[in-house]
Engineer: 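Quick one: the structure is below, and I'll ask about it shortly.
Order of the sequence lines fixes the chain letters, A, B, ..., with proteins taken first and strands second; residue numbering starts at 1 for each chain.
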Protein chains: 2
Amino acid sequence: MATIDDVARLAGVSTATVSRALRGLREVSGPTRTRVLEAAARLGYVASPSASRLAGGKTRSIAVVVPRITRWFFATAVEAVERTLHEAGYDLLLYNLGGREGARRRLVHQAASLHKRVDAMMLMATPLQPEDIDVVAGLPLPGITVSSGTPVTGWPSVRIDDVAAAATATRHLLALGHRRIAHISGDPTDELPFTTHLDRRAGYELALREAGLEPDPARYAEAPFTIAGGSHATTELLGRGMPPTAIFAACDEMAMGAMAVLRQTGLRVPEDVSVVGIDDHDAAAAVGLTTVAQPAAEQGRLAARTLLEPLCLGTELVPTTTVLPTMLVIRQSTSVPRAREGER
Amino acid sequence: MATIDDVARLAGVSTATVSRALRGLREVSGPTRTRVLEAAARLGYVASPSASRLAGGKTRSIAVVVPRITRWFFATAVEAVERTLHEAGYDLLLYNLGGREGARRRLVHQAASLHKRVDAMMLMATPLQPEDIDVVAGLPLPGITVSSGTPVTGWPSVRIDDVAAAATATRHLLALGHRRIAHISGDPTDELPFTTHLDRRAGYELALREAGLEPDPARYAEAPFTIAGGSHATTELLGRGMPPTAIFAACDEMAMGAMAVLRQTGLRVPEDVSVVGIDDHDAAAAVGLTTVAQPAAEQGRLAARTLLEPLCLGTELVPTTTVLPTMLVIRQSTSVPRAREGER
DNA sequence: CTGAAAGCGCTTACAG
DNA sequence: CTGAAAGCGCTTACAG
């Protein structure tokens, strides 16, 4: 393995000059730089990250924490983050809580250790206890939160307005004439106290009340934010009798699960039951799902850039909250309710 | 930030002893160890990874390369890998090729640099050019390949038998009496030369020939391994006229896309068209999809353990190929073809 | 623009 | 079982 000394010797300069030339610092003359680059190339030299981290104090890597990498939103956002980071020469350390409270605790516990291995951290929809927030905010490390989840004092945040997105979805159903609108969301079995479903439920109830309807707990069912979760919640809902004419699912994965169960039960979508979700999942167009689109990749990209800027430019990280727009995308899973059709 | 010197001073021992005590080496007496641990705890001391990597030569991190983290198989496998690695105290550096040839090239190009930042690497379904294989195999770094993708000389491998899995799916349809069996797979638009679809197509053709049928190119359509891809391929297939009585999709995501399009076209599943996939995706049960199940998390876990063992125990990495079993799971998306039904 | 030298914070023979 | 000391391979004031 070639070291910086080998390159210095071959190029006939000091290691300081090699270091400067290779990093593109401009206090190096053209000819010298050329000699160094040639020597480095000849030896196949690559600086040791451990050594430069120790000497330079920068790790050029970022920790990204997600609840579950298997869910569409996080996988899509992480993909964008990964690309942005690697293009900037940064490494991505992945931490997947996997819905385990133990993993969350370990993460907070390790915070002190984490800050020695990364230059910044990105928390996606990560729930934190009040005492954790202080620990995390107290790290000598810039950070950002993405999507809902606990805000961290002094950290910027990139997200959508979950209450508004949910209200938009619900208002769409109301405008079509639906009154018996169910909502599937949340995850009672989850060890971690996520908050996304709370905001979305609030938006649903807000829209109902605007329309003069009182939210009915019997029209609410909980399950994980997955296709299977949507199926379970819908099955539970149907089991209560008096089926809804429409279902607002807190995310597209749940909406797809709902559509599957409805059809297996012999109910047509949208003729018998309309379904709307939130996300604009890759598959939403394929299955004809009406949804409130949110820019997942864009949130990841933006968050990564926000973190990278102060790291690369040495500027201050400004704790701004960026709320990205959502948009209703009407496809084939929603229509006027049957009763209403009859009226015409 | 407390350093090892602070701890040594507070505990009244040398830094060498602190280092040994904290890492649990047993050449430290009980009382001394206790004093060191107390001092470290009091100071909130955590060893600097950069320093111990430089001094010790081990990074305690592993690079995991996936084609697309957004696809079910990779997200599920990575989740298992992440858990296994973190439980062993290893960090996971994520590299997502994102279907970009440039990313693959950069990865191989960076190989020399990569080996200085990780102790091992895991390549999931990563296609390599013949010349790349030598580069990768030549790294002074243990590695493992997971799922199909180019084998690397001297590296172990964890996978399923893709040809057999595809044959199982196809034979299931043949046994039900289907003769017009279409296959959707592959991805002509992908920049990267993946191989999974080739194996699965081979298994499909193998099973057809066993049954005395000649594979018909008109019954084959290509698209990405996603729900949307499955929809596109199925739409293309249907556009050719003479619809098949059954579709074998190369993965469950494609199968779900196929089911969506069939239903939108007014065709019932399975009454008019049977659909079978490969994976046993989280959502397969919810949508009633018959599939050949493969253990995605298990492959990730096993691959991580295989890599960890030699790293932790200092033993040799044995280049074994582990082929995990697959299993046909019959649900509601397959049945006897209509013509056959009439015969009864 | 370039170099000599200190220092980053650990681990590891080596000696006792 | 413990310590003094060298060394891992860089970066960065400082001086010129």
Engineer: For the side chain of B:Arg33 and the backbone of B:Ala21, is there at least one donor-acceptor N/O pair under 3.5 Å apart?
Structural biologist: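 Yes, the answer is positive, given that a donor and an acceptor are paired below the 3.5 Å cut-off.
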Engineer: Taking only residues two or more places apart in sequence or in another chain, which ones pass side chain to side chain donor-acceptor pair (under 3.5 Å) with A:Thr17?
Structural biologist: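 For A:Thr17 the side chain to side chain donor-acceptor pair (under 3.5 Å) partners, ignoring immediate neighbours, are A:Ser14.
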Engineer: Could you tell me whether the phosphate oxygens of D:dC1, OP1 or OP2, come under 4.0 Å of any side-chain nitrogen or oxygen in B:Ser29?
Structural biologist: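 Checking B:Ser29 against D:dC1: no side-chain N or O falls below 4.0 Å of OP1 or OP2.
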Engineer: Going by side chain to side chain donor-acceptor pair (under 3.5 Å), name the residues that satisfy it together with B:His86, two or more places apart in sequence or in a different chain.
Structural biologist: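 B:His86: side chain to side chain donor-acceptor pair (under 3.5 Å) contacts with B:Glu82.
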Engineer: Tell me, what's DNA chain D's dot-bracket, Watson-Crick or G-U with both distances under 3.5 Å, | for other-strand, [ ] crossing?
Structural biologist: |||.||||||||.|||
Engineer: Return yes if some donor-acceptor pair links the side-chain N/O of A:Arg60 with the main-chain N/O of A:Ala88 below 3.5 Å, else return no.
Structural biologist: yes
Engineer: Just by protein heavy atoms under 4.0 Å, how would nucleotides 9-16 of chain D read 5' to 3' in B, S and -?
Structural biologist: BBBBB---
Engineer: Given 3.5 Å as the limit, does a donor-acceptor pair link the side chain of A:Arg23 with the main chain of A:Ser19, or not?
Structural biologist: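 At least one qualifying donor-acceptor pair exists.
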Engineer: Under 4.0 Å between a side-chain N or O of A:Thr32 and OP1 or OP2 of C:dC1?
Structural biologist: no
Engineer: Can you find a side chain N or O atom of A:Thr17 that sits less than 4.0 Å from OP1 or OP2 on C:dG3?
Structural biologist: yes
Engineer: Tell me every residue that passes side chain to side chain donor-acceptor pair (under 3.5 Å) with B:Ser61, counting only those two or more places apart in sequence or in another chain.
Structural biologist: B:Thr59
Engineer: Only counting residues at least two apart or in another chain, list the ones meeting side chain to side chain donor-acceptor pair (under 3.5 Å) with B:Asn96.
Structural biologist: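 Partners of B:Asn96 by the side chain to side chain donor-acceptor pair (under 3.5 Å) criterion, ordered by chain and then number, come out as A:Glu79.
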Engineer: Got a donor-acceptor contact below 3.5 angstrom from the B:Thr76 side chain to the B:Trp72 backbone?
Structural biologist: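 Yes; at least one donor-acceptor contact below 3.5 Å.
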